[in-house]
Amino acid sequence: MPPFASGLLVLTAPLPVLPRRAAAALAAAAGVVAGPLYVHLQPGLLLSAPAPLPAAPPAGPALLRALDALYAAAAAQRGLDLRVLLGPGRRLARPPRVLLASAAEAPGPPGPVELGLQHLAAAAYGCPPRLPAVLLGGPGDDPDGDPPEEPEEPEAALPDFSDVAVGGTFDRLHGAHRLLLSACCLLARHRLLAGVADGDLLRHKVLAELIEPYEVRAAKLREFLEDVKPSLRYDIVPLADPYGPSVTDPDLQCLVVSEETRRGGEAVNKKRLENGLPELALYEILLMKDPDHGQNEEEKISSSSLRQRLLGTLLRPPRQDPTLPSHPYVIGLTGGTGSGKTSIARLLGHLGAFLIDADKLGHAVYVPGGPAYERVVATFGAEIVNEDRTINRKVLGAKVFGNQERLKSLTDIVWPEIARMVKEQIREADAQGKAVCVLDAAVLLEAGWQDMVHEVWTAIIPEEEAVKRIMARDGLSEEAARSRLRSQMTNSQRVEQSQVVLCTLWEPDITRAQVEKAWNLLQRRLAPPPSP
């Protein structure tokens with residue numbers, strides 16, 4: 001773990017060479033700072049000179065290219081919270097604990113350079129006067145290795161506007177978001193209106209269940225923006241439709257878009273004209289490529305790819321229940337109908353888990369002589385019994401479907417008996433020396449069986465895909481398939497109570513890779529700590 005919780009990196013190289021140095025500089029800084037890592041750009045500054053005064057670089061294309069390179073390089077340092085500052089002003093949200101500079105960019109004795117860093121940080125951001133300073137070295141930091149600069153024509157400044165608007169999901173702020181927002185900050189003189197998608201706008205997003213709540217996304221967005229350029233006013237609002245206030249606010253002058261959202265910007269302008277308002281200037285930012293994207297991920301850096309990378313990982317700590325035996329370690333696997341839960345259970349079995357199928361145990365409690373048989377027949381009548389004395393599950397199901405009182409009467413009889421049988425199976429797994437036991441149970445959460453497991457793992461699938469699978473598997477109509485789905489707990493409700501989430505939307509080998517990742521991470525959690 002890097003030794004410092006946050007840091008301020010001062011880069012003094014000319015803007016045109018920064019794209020070539022960004023990766024090395026951030027890789028070195030990531031070894032020192034856990035995050036956030038603030039970056040102060042001050043081309044040409046001599047840190048060893050007395051009392052350097054902070055100044056922001058000119059807002060032009062060279063600065064945008066430098067920002068693009070820095071945020072793209074940060075993406076390669078997974079989890080690095082990079083914030084390139086576009087103007088001094090107020091105390092930073094997470095005050096730096098260390099000051100950093102490239103040794104190659106800071107010639108001279110270390111003492112004056114460290115003092116210069118401290119003076120700059122105090123003057124620009126109100127940092128304490130004696131913060132530790134570290135000079136970063138290593139290959140790639142040597143300015144002499146840069147090819148000679150070709151003389152460049154003077155660049156035109158970026159256009160500026162009093163009030164600028166931008167919209168997006170802004171889930172798990174990544175490099176492309178940060179570049180987009182930084183461009184907004186450079187273009188705006190007075191106010192930035194940021195619309196954050198919410199409600200129905202999220203329904204069709206990939207792995208929508210893993211999108212952070214609006215309040216979390218809005219708070220992270222505000223903290224980033226107020227750090228990056230504190231002189232602007234920020235209005236952050238939820239978007240319930242694709243337009244929001246961008247089609248009604250008369251003060252707006254510019255809408256910042258990406259290549260893929262330009263058509264949305266054109267639709268905004270059409271609505272503004274219909275509302276008697278002038279069109280907005282559309283300023284387009286190029287998409288940022290993701291060199292590490294996976295087989296089923298987008299080529300661009302995107303929130304959906306980040307959410308896919310969460311599959312199989314630990315989203316929240318396991319339950320700490322002293323009444324649970326430590327061995328075997330029990331995973332409760334759940335998911336709605338059509339979610340692919342059973343195929344995930346099989347994969348876990350192949351990896352070495354002891355499997356308990358709650359559905360099979362459920363069938364066993366209903367058989368003549370089974371622990372729930374007499375009470376179920378007495379409660380629901382002889383008409384549910386076949387000629388061979390077995391319970392007709394379809395007739396019983398018709399009696400309880402849509403009737404919450406009758407359904408509860410049934411589950412109050414059946415679920416405790418299944419739980420008792422599950423506990424017997426867990427003891428059997430322990431007797432066999434199995435380290436991990438997987439309880440495959442569709443009603444795990446509804447029945448309250450999470451009290452029997454150390455972790456809850458949930459399989460999810462988008463509703464449309466689940467409907468197709470149920471129709472194909474069970475021969476149901478679309479309406480019947482949707483009705484069955486909507487009688488169950490939602491994906492979001494399950495995810496809120498889960499430690500690990502898996503998704504079978506893609507090809508079987510992608511599901512297998514998710515399950516293997518989840519299994520390997522579980523083995524690490526279960527491994528005894530190294531001896532001192």
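Only heavy atoms go into these numbers, but all of them, side chains included; no hydrogens, no water, no symmetry mates.
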Give every donor-acceptor pair under 3.5 Å between a side-chain atom in residues 244-257 and any protein atom, sequence neighbours left out.
from : atom 1 : to   : atom 2 : distance (Å)
S246 : OG     : Y243 : O      : 2.6
T248 : OG1    : P245 : O      : 3.4
D249 : OD1    : R191 : NH2    : 3.4
D249 : OD1    : D251 : N      : 2.9
D249 : OD2    : R191 : NH1    : 3.2
D249 : OD2    : R191 : NH2    : 2.8
Q253 : OE1    : S162 : N      : 2.7

Donor-acceptor contacts, no H, no angles, side chain residues 193-210, under 3.5 Å, sequence neighbours left out:
from : atom 1 : to   : atom 2 : distance (Å)
K205 : NZ     : T169 : OG1    : 3.4
E209 : OE2    : N491 : ND2    : 3.1

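In this structure, A121 and L99 approach most closely via the heavy-atom pair CB-CD2, 3.7 Å. For the pair Q499 and R319, the tightest heavy-atom approach, listed with the atom from each and the gap, is NE2-N, 4.3 Å. Pairing each heavy atom of L485 with each of I470, the nearest pair is CG-CD1, 3.8 Å. Of all non-hydrogen atoms in L444 and Q450, the two that sit nearest each other are O-OE1, 3.5 Å. A pairwise comparison of heavy atoms in A22 and A69 identifies CB-O, 3.8 Å as the closest pair. Scanning all heavy atoms of the two residues, the minimum distance from A25 to L136 falls at O-CD1, 4.2 Å.
Checked against salt bridge (Lys or Arg N to Asp or Glu O under 4.0 Å), R263 has no partners two or more places apart in sequence or in another chain. In this view, R316 satisfies the side-chain hydrogen bond (donor to acceptor under 3.5 Å, both in side chains) rule with no residue, not counting sequence neighbours. Judged as a salt bridge (Lys or Arg N to Asp or Glu O under 4.0 Å), and not counting sequence neighbours, the contacts of E464 are R482. For E114, there are no salt bridge (Lys or Arg N to Asp or Glu O under 4.0 Å) partners at least two apart in sequence or on another chain. Partners of E215 under the salt bridge (Lys or Arg N to Asp or Glu O under 4.0 Å) rule, at least two apart in sequence or in another chain, do not exist in this structure. Scored by the side-chain hydrogen bond (donor to acceptor under 3.5 Å, both in side chains) test, E279 finds no partners at all (sequence neighbours excluded). By the ring-ring contact (aromatic ring centres under 6.0 Å, His included) test, H177 pairs with F170, H174, sequence neighbours left out. For S6, the side-chain hydrogen bond (donor to acceptor under 3.5 Å, both in side chains) test picks out no residue, with sequence neighbours left out. Checked against side-chain contact (heavy atoms from CB on, under 4.5 Å), T12 has the following partners two or more places apart in sequence or in another chain: V10, L45, L47, E105. Residues satisfying the side-chain hydrogen bond (donor to acceptor under 3.5 Å, both in side chains) criterion with T504, sequence neighbours excluded, are R469.
We find the OG1-CG distance between T511 and L505 to be 8.5 Å, quoted to the nearest 0.5 Å. Rounded to the nearest 0.5 Å, atoms CG (L225) and SG (C184) are 8.0 Å apart. Of the inter-residue distances, the one linking L180 atom CG with T261 atom OG1 reads 7.5 Å to the nearest 0.5 angstrom. Separating the CG atom in L18 from the CG atom in L67 is a distance of 9.0 Å, to the nearest 0.5 Å. Interatomic distance, OG of S102 versus CZ of R21, reported as 7.0 Å (0.5 Å rounding). Here the CZ-OG1 distance, from R494 to T334, works out to 5.0 Å after rounding to the nearest 0.5 Å.
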Verdict with reasoning, R233 to L192, per side-chain contact (heavy atoms from CB on, under 4.5 Å): CA-CA 6 Å; R233 171 184 150 195; L192 174 60; over 6 Å; no
Worked check of side-chain contact (heavy atoms from CB on, under 4.5 Å) between V84 and V228: CA-CA 6 Å; V84 184; V228 166; over 6 Å; no
Chi angles and distances behind the side-chain contact (heavy atoms from CB on, under 4.5 Å) call for S303, R307: CA-CA 6 Å; S303 298; R307 291 194 294 275; 3.4 Å; yes
side-chain contact (heavy atoms from CB on, under 4.5 Å) between R172 and R217, worked out: CA-CA 7 Å; R172 293 176 171 81; R217 289 178 285 136; over 6 Å; no
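T313 has its side chain out of reach of V500: every pair of non-hydrogen atoms, C-beta onward, lies at least 4.5 Å apart. You'll find the side chain of L120 reaches within 4.5 Å of the side chain of Q42, heavy atoms only. By the 4.5 Å heavy-atom criterion applied to side chains, L131 and V98 are not counted as neighbours. In this structure, the side chains of M471 and E478 come closer than 4.5 Å at one or more pairs of heavy atoms. Between I331 and L522, some side-chain heavy-atom pair lies under the 4.5 Å cut-off. Annotation: side chain of P57 is in contact with side chain of L15 (closest heavy-atom distance under 4.5 Å). A heavy-atom distance below 4.5 Å is not found between the side chains of P95 and Y38. Side-chain atoms of L41 and L85, non-hydrogen and from C-beta on, never get closer than 4.5 Å to each other.
Shown are L8, L9, L100; of these, the side chain to side chain contact (heavy atoms under 4.5 Å, CB included) with V39 is made only by L9. Remark: of the listed residues R83, R91, R94, R222, R83 is the sole one forming a side chain to side chain donor-acceptor pair (under 3.5 Å) with D227.
Within the 3.5 Å criterion, the main-chain N or O of A5 finds no donor-acceptor partner in the side chain of R97. Side chain of K517 to main chain of R309: a donor-acceptor pair is present (N/O by atom type, distance under 3.5 Å, no hydrogens or angles). No donor-acceptor pair closer than 3.5 Å links the side chain of K229 to the backbone N or O of S182. A donor-acceptor pair under 3.5 Å links the side-chain atoms of S302 to the main chain of S305, judged by distance alone. Side chain of E284 to backbone of R262: no donor-acceptor contact under 3.5 angstrom is found.
There is no side-chain donor-acceptor pair under 3.5 Å between T490 and S492.
F161 has its ring centre no less than 6.0 Å from the ring centre of H190.
With respect to R178 and D68, no salt bridge is recorded, no charged nitrogen being found less than 4.0 Å from a carboxylate O.
By the neighbour-count criterion of 12 heavy atoms within 6.0 Å, atom CD of E274 is densely surrounded, having more than that number from other residues, nucleotides or ligands.
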